[in-house]
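Worksheet for the structure shown next.
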Amino acid sequence: NKRISPDDVIEWPRTICWAAQWDDEDEDIFYFAAEWDGGHEAMIRAAWDLFDEADVVVGHNMARFDAKKLRSEWALYGLHDPSPWKVVDTMRVAFDRFGFESNTLDSLCTRFGVNAKTDKYDAKVARAAVDGDREAQAKLKRYNVGDIVATKGLYRVFRGSGYIPGHPVMARH
């Protein structure tokens, strides 16, 4: 919990890639964007476009981490909040409803019998991907897609079992 002075920052943290999937879409269709494919701003704007279209966004630690980080980057590019959307955070659901020893995505998927991710996040792989290493970029994409598959599976278990009180209404437009 040490305060970090801006003078101590060598490089500001940033989102370098993201993946998404519409819940009702074919299981093999994923959206992926990375700063090494078209630049950082284009990647962040593509995320904004998806959030702007979404009514509900599901993620593991989405409320406390991902949504806040993306909002910060949208603000840096002069983008206002997308159209209103609700967050269903599978980590928050687990924390609020259960007393498991661990609320990591991998741990919860294991406990509930959901196919989990195969890769763990590795900062060295992320750095290599940003630096142009094609193998690292492919590995990071696999990691992101694995995150989507695991989160979607856990979300479906929670939703199907009624463990998400007050779940937003999911009506087709």
Side-chain angles (χ1 to χ4, degrees), residues 1-92 103-106 108-109 116-155 168 173:
N1 290 338
K2 180 185 179 224
R3 182 182 178 279
I4 298 173
S5 166
D7 295 336
D8 295 333
V9 176
I10 296 168
E11 182 178 11
W12 293 105
R14 67 186 187 280
T15 302
I16 60 170
C17 59
W18 57 263
Q21 184 180 60
W22 294 109
D23 188 42
D24 61 351
E25 202 156 49
D26 185 304
E27 297 292 322
D28 295 329
I29 298 175
F30 292 91
Y31 299 88
F32 179 78
E35 69 175 43
W36 51 83
D37 289 329
H40 189 262
E41 184 173 352
M43 176 200 63
I44 294 300
R45 287 181 180 276
W48 186 96
D49 289 342
L50 277 178
F51 274 70
D52 191 50
E53 191 174 337
D55 296 318
V56 177
V57 178
V58 177
H60 197 76
N61 205 15
M62 176 62 72
R64 290 186 60 204
F65 186 80
D66 298 282
K68 287 183 176 185
K69 294 296 184 183
L70 285 169
R71 272 194 179 109
S72 298
E73 298 197 62
W74 295 332
L76 290 174
Y77 286 116
L79 299 170
H80 55 80
D81 254 352
S83 298
W85 40 272
K86 302 282 186 197
V87 171
V88 174
D89 188 327
T90 54
M91 188 167 94
R92 188 82 242 165
N103 290 317
T104 66
L105 181 57
D106 189 51
L108 291 167
C109 286
K117 301 185 292 188
T118 55
D119 293 334
K120 304 287 184 210
Y121 180 78
D122 184 335
K124 290 178 185 171
V125 171
R127 171 53 57 198
V130 169
D131 290 342
D133 181 324
R134 293 287 183 198
E135 188 175 314
Q137 291 170 353
K139 186 171 184 168
L140 204 53
K141 181 176 182 178
R142 281 191 308 274
Y143 168 83
N144 275 262
V145 168
D147 207 37
I148 298 302
V149 171
T151 301
K152 189 173 182 177
L154 187 61
Y155 163 72
H173 298 333

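Residues take their numbers from the sequence shown, with the count starting at 1. Note that the coordinates shown come from a computational prediction; the quantities given were computed from them, not determined experimentally.
- Residue-environment remark: OH (Tyr77) exceeds the threshold of 12 foreign heavy atoms within 6.0 Å.
- Among residues two or more places apart in sequence or in another chain, the side chain to side chain donor-acceptor pair (under 3.5 Å) test is passed with Glu73 by Thr15, His40.
- To the nearest 0.5 Å, atoms CH2 (Trp36) and CD (Gln137) are separated by 5.5 Å.
- In this structure, Trp48 and Ile44 have side chains that are not in contact, with every pair of non-hydrogen atoms separated by 4.5 Å or more.
- Listed by chain and number, the residues in a salt bridge (Lys or Arg N to Asp or Glu O under 4.0 Å) with Asp131 are Arg127 (sequence neighbours excluded).
- Here the CD atom belonging to Glu35 is positioned 8.5 Å from the SG atom belonging to Cys17, to the nearest 0.5 angstrom.
- Residue Leu50 holds its CG atom at 11.5 Å from CD of Gln21, rounded to the nearest 0.5 Å.
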- Message: Set out, in order, the CA-CA distance, both residues' side-chain angles and the distance that settles side chain to side chain contact (heavy atoms under 4.5 Å, CB included) for Ile16 and Leu140, then state yes or no.
- Response: CA-CA 10 Å; Ile16 60 170; Leu140 204 53; 3.6 Å; yes

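- Side-chain contact, His60 with Thr151: no donor N or O sits under 3.5 Å from an acceptor N or O.
- Counting heavy atoms from C-beta on, the side chains of Ser72 and Trp12 never come closer than 4.5 Å.
- Residue pairs that meet the salt bridge (Lys or Arg N to Asp or Glu O under 4.0 Å) test with at least one member in residues 56-70, sequence neighbours left out, do not exist here.
- Legend: salt bridge (Lys or Arg N to Asp or Glu O under 4.0 Å) pairs involving residues 144-154, not counting sequence neighbours, sorted by first then second residue: Glu27-Lys152, Lys117-Asp147.
- Rounded to the nearest 0.5 angstrom, Thr90 OG1 and Leu154 CG are separated by 5.0 Å.
- Evaluation of the salt bridge (Lys or Arg N to Asp or Glu O under 4.0 Å) rule for Glu135 yields no partner, not counting sequence neighbours.
- No donor-acceptor pair closer than 3.5 Å links the side chain of Asn61 to the backbone N or O of Met91.
- Heavy atoms only, all atoms of each residue included: Lys120 and Asp106 are closest at NZ-OD2, 2.9 Å.
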- Intermediate values then yes/no, salt bridge (charged side-chain N to carboxylate O under 4.0 Å, His left out), Lys139 and Asp133: CA-CA 10 Å; Lys139 186 171 184 168; Asp133 181 324; over 6 Å; no

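- If you take CH2 on Trp18 and CD1 on Ile148, they are separated by 9.0 Å, rounding to the nearest 0.5 Å.
- Under the 6.0 Å cut-off for aromatic ring centres, Trp74 and Phe51 qualify, their centroids lying closer than that.
- Between Ala129 and Ala136, the closest heavy-atom pair is N-CB, 3.6 Å.
- Applying the ring-ring contact (aromatic ring centres under 6.0 Å, His included) test to every pair with at least one member in residues 119-145, sequence neighbours left out, gives these pairs: Tyr121-Tyr143.
- Between Phe30 and Asn144 the shortest side-chain heavy-atom distance does not fall below 4.5 Å.
- The distance from the CG atom of Leu79 to the CG atom of Leu70 is 11.0 Å, given to the nearest 0.5 Å.
- Under the 3.5 Å distance criterion, the side-chain polar atoms of Asp55 are left unmatched by any main-chain donor or acceptor of Trp85.
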